[in-house]
Amino acid sequence: MLHLILDTDTAGDDTIAMLMALRASNAKLEAVTINCGNIDFDQQVENALYTIEFAGMSGKVPVYPGARHPLLKDWKTAEYVHGRDGMGNSNFPRAKQRPENRHAVDAIIEAVNAKPGEITIVEIAPMTNLAMALRKDPSIADKVKALYFMGGTNYYQGNVTPAAEFNIWVDPDAAKIVLNSGIPTTMVGWEICMRSGLLDRKEYTEIQRFGTKESEFFMSVNRQVLRFMKRAYGLDAITCPDSITMAIVLNPSIVKSIKQRYVEVDNVSEISRGATWIDELMILKRRPNVNVVYEASHAAFKDMLSRLLMGEKV
Ligand code: BDR
Ligand code: CA
């Protein structure tokens, strides 16, 4: 059984990744922690609480608000992708469950120390909370079982600048701390989302036809993403970066190719802020710090997502 902490900037696909964790037969979602990222911070907290309630788990998974700002940099939010409320402007009702008073950073430290060697952290947001936790209690680096993160790009066009993917761009200083911490880390970059985590019209129409409350929820939270993808990429498609990352955590056989490489984050320059440089040829002769996913199975991911959206356990 996996013991998960999900760090999220809850909007759009973050909710589907969370739902997957809540419906997984081989995992227990121990806590959700919120990091600044996609949209207004308090709305992200509300979206996480709503998703837990939607999954029928109200009161069973604590939600800890964390960093409201990146460590050093200013950032811009991504309402232009996910809508004003981050949920495709669905304006869902306020959930009954309320956020915990404890800060996410302390919740992470406490959870890892309580179960050394057992906690897997799934990072689908900028890494501020995690970096702060590592600074506050560096001993947790040796106690986290594994970290999987959605972020960065592997020689692929970024989605927020030509060089960078959003999660790493928002807080490159935090990402640098985390990737150099020694935690066994796996990267699912933006290119994996574009190659294997994209649903075309035929596929999302299939999902729509399931007619379950889950498939309806999926279409609602992605409504705005569809419009954005058409506008920005000329594609009639939905992106699933966070849910393909969670699918890989729950079922590693979705990964078809993975390599241990040294990954460096650019936190210095302006034009390539947040770029992830992967030493593919191992030219730098530095110890690899990341397991980089090079290829994932679209069919296996879609199968898992479809089961989830049909209302089944995954
Ligand atoms: C990442 O940024 C956010 O908008 C998404 O939730 C995902 O985590 C994709 O770049
Ligand atoms: Ca996210």
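The chain is numbered in sequence order, starting from 1. All ligand and atom numbering here is 1-based and tracks the order in the structure.
Of all N/O/S atoms in D242, OD2 sits nearest the Ca ion (ligand 2).
Contacts with ligand 1 closer than 4.0 Å are made by side-chain heavy atoms of N159 only, the backbone lying farther away.
For D13, the heavy-atom gap to ligand 1 stays at 4.0 angstrom or more. Within the structure, the closest approach of N38 to ligand 1 falls below 4.0 Å when heavy atoms are considered.
A donor atom on one side chain and an acceptor atom on the other are found under 3.5 Å apart for K143 and N113. Between the side chains of D106 and Y64, no donor N or O sits under 3.5 Å from an acceptor N or O. Inspection of the D303 and S306 side chains reveals no N or O donor paired with an N or O acceptor under 3.5 Å.
Cation-pi geometry between K76 and W169 is satisfied (NZ or CZ under 6.0 Å from the ring centre, within 45° of the ring normal). With F54 as the aromatic partner, K213 meets the cation-pi criteria of under 6.0 angstrom to the ring centre and within 45 degrees of the ring axis.
Of all the atoms in ligand 1, the ones that sit under 4.0 Å from a non-hydrogen atom of D14 are 6 (O). Annotation for ligand 1: atoms under 4.0 Å from non-hydrogen atoms of E165 are 1 (C), 2 (O), 9 (C), 10 (O). Every atom of ligand 1 with a heavy atom of D242 under 4.0 Å away is listed here by number and element: 5 (C), 6 (O), 7 (C), 8 (O).
Aromatic ring pairs are classed by plane angle as parallel below 30°, tilted from 30° to 60° and perpendicular above 60°; the pair F217 and F92 is tilted.
Proximity of I278 to T153: side-chain heavy atoms (C-beta onward) are nowhere separated by under 4.5 Å.
Geometry at the Ca ion (ligand 2): OD2/D14 and OD1/D9 form an angle of 70°, nearest 10 degrees.
For ligand 1, the polar-atom distance check against I124 finds a nitrogen or oxygen pair separated by under 3.5 Å.
Residue contacts to the Ca ion (ligand 2): A17 brings no N, O or S atom closer than 3.0 Å.
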